[in-house]
Amino acid sequence: QVQLVESGGGLVQAGGSLRLSCAASVRTFSNYNMGWFRQAPGKEREFVGGITRSGDNTYYADSVKGRFTISRDNAKNTVYLQMNSLKPEDTAVYYCAAGRGIGSSSGYYYTGAYAYWGQGTQVTVSS
């Protein structure tokens, strides 16, 4: 069983930055591929970024590429999402997720690839 707790959300002006953290309660964090997703009101949950178990490879949605950076610290059982140049359309609840056995880069994009989810943290970007 994996428990995930996100933190770091809040209200920020357009152009600003936030850093989200996701702390995992699990024996071997490095066994899990990690992802960040977001869900805006009235919309489906969408992929934001993913990172492999070692942290060697990262994947991003086109909408955040060049602005967001995902990283992880396996010694601290934590994955991060650095968000820069935020836009009002980035407003959403952000979720981290953990999964095992994601066999291809495209797999990171799908909610079904992840077995465990956090409760989410709200990010609001004002114009």
Side-chain angles (χ1 to χ4, degrees):
Q1 191 75 7
V2 180
Q3 292 186 321
L4 304 171
V5 178
E6 302 96 335
S7 61
L11 174 64
V12 64
Q13 288 188 332
S17 298
L18 281 175
R19 188 194 197 201
L20 304 184
S21 299
C22 172
S25 297
V26 63
R27 187 165 185 171
T28 311
F29 181 61
S30 59
N31 282 349
Y32 292 85
N33 304 299
M34 300 298 295
W36 283 98
F37 288 75
R38 66 187 182 187
Q39 188 166 18
K43 295 188 177 182
E44 293 187 355
R45 192 168 297 190
E46 66 174 2
F47 172 76
V48 174
I51 188 166
T52 54
R53 291 174 297 172
S54 64
D56 287 347
N57 292 296
T58 56
Y59 310 99
Y60 298 96
D62 288 343
S63 58
V64 307
K65 204 170 292 183
R67 300 188 297 122
F68 290 11
T69 303
I70 187 171
S71 61
R72 67 189 295 164
D73 186 337
N74 285 344
K76 295 183 178 180
N77 283 18
T78 302
V79 62
Y80 304 97
L81 185 67
Q82 178 67 45
M83 305 186 295
N84 299 329
S85 302
L86 282 161
K87 305 175 181 180
E89 51 264 43
D90 293 319
T91 295
V93 177
Y94 283 71
Y95 299 89
C96 71
R100 299 183 68 170
I102 301 178
S104 65
S105 58
S106 61
Y108 284 82
Y109 290 70
Y110 299 101
T111 57
Y114 302 87
Y116 304 99
W117 292 82
Q119 82 290 347
T121 186
Q122 176 70 46
V123 171
T124 303
V125 184
S126 63
S127 58

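- Residues Ile51 and Val79 meet the side-chain proximity criterion, which asks for heavy atoms closer than 4.5 Å.
- The aromatic rings of Phe47 and Tyr109 lie tilted to each other, with the angle between the two planes from 30° to 60°.
- Cluster annotation: Val64 is connected to Trp36 through the hydrophobic network of ILVMFWY side chains, with a link wherever side-chain heavy atoms come within less than 4.5 Å.
- The residue from Thr52, Leu4, Thr58 that alone fulfils the side chain to side chain contact (heavy atoms under 4.5 Å, CB included) condition with Met34 is Leu4.
- Counting non-hydrogen atoms of neighbouring residues, nucleotides and ligands closer than 6.0 angstrom, the NZ atom of Lys65 exceeds 12 such neighbours.
- In this structure a side-chain-to-backbone donor-acceptor pair under 3.5 Å is present from Tyr60 to Ile70.
- If you check the side chains of Gln122 and Thr124, you find a donor sitting under 3.5 Å from an acceptor.
- Under the 3.5 Å distance criterion, with hydrogens and angles disregarded, no donor-acceptor pair is assigned to the side chains of Ser30 and Thr28.
- One distance of note links CH2 of Trp117 with SG of Cys96; it measures 9.0 Å at 0.5 Å rounding.
- Met83 has its side chain out of reach of Val125: every pair of non-hydrogen atoms, C-beta onward, lies at least 4.5 Å apart.
- Interatomic distance, OG of Ser105 versus OH of Tyr59, reported as 5.0 Å (0.5 Å rounding).
- The heavy-atom pair separating Ala98 from Val2 by the smallest distance is CB-CG1, 4.4 Å.
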Problem - Derivation and outcome, side-chain contact (heavy atoms from CB on, under 4.5 Å), residues Arg100 and Ile102 - result: CA-CA 6 Å; Arg100 299 183 68 170; Ile102 301 178; over 6 Å; no
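- Cation-pi contact between Arg38 and Tyr95: absent, since separation from the ring centre below 6.0 Å together with deviation from the ring axis within 45° is not met.
- With Arg67 contributing its side chain and Ser85 its backbone, the two residues share a donor-acceptor pair below 3.5 Å.
- When all heavy atoms of Tyr108 and Asn33 are compared, the pair lying nearest together is OH-OD1, 2.9 Å.
- The NZ atom of Lys87 sits 14.0 Å away from the OG atom of Ser127 when rounded to the nearest 0.5 Å.
- Annotation: side chain of Tyr116 is in contact with side chain of Gln1 (closest heavy-atom distance under 4.5 Å).
- Ring orientation note: the planes of Tyr94 and Phe68 are tilted relative to one another, at an angle of 30° to 60°.
- Shortest non-hydrogen contact noted between Gly99 and Tyr114 is N-CD2, 3.8 Å.
- If you take CG on Leu20 and OH on Tyr80, they are separated by 12.0 Å, rounding to the nearest 0.5 Å.
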Handout entry: side-chain contact (heavy atoms from CB on, under 4.5 Å) evaluation trace for Asp90 with Val123
Key = CA-CA 8 Å; Asp90 293 319; Val123 171; 5.5 Å; no
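- Within the 4.5 Å cutoff, no side-chain heavy atoms of Asn74 are placed close to those of Arg53.
- How far CG of Asn84 is from CZ of Arg19: 11.0 Å, rounded to the nearest 0.5 Å.
- We find the OG-CG distance between Ser21 and Leu81 to be 9.5 Å, quoted to the nearest 0.5 Å.
- Ser54 places a side-chain N or O within donor-acceptor distance of the main-chain N or O of Asp56, the cut-off being under 3.5 Å.
- Between Ala14 and Pro88, the shortest heavy-atom distance links the atoms CB-CD, 4.1 Å.
- In this structure a side-chain-to-backbone donor-acceptor pair under 3.5 Å is present from Glu6 to Gln119.
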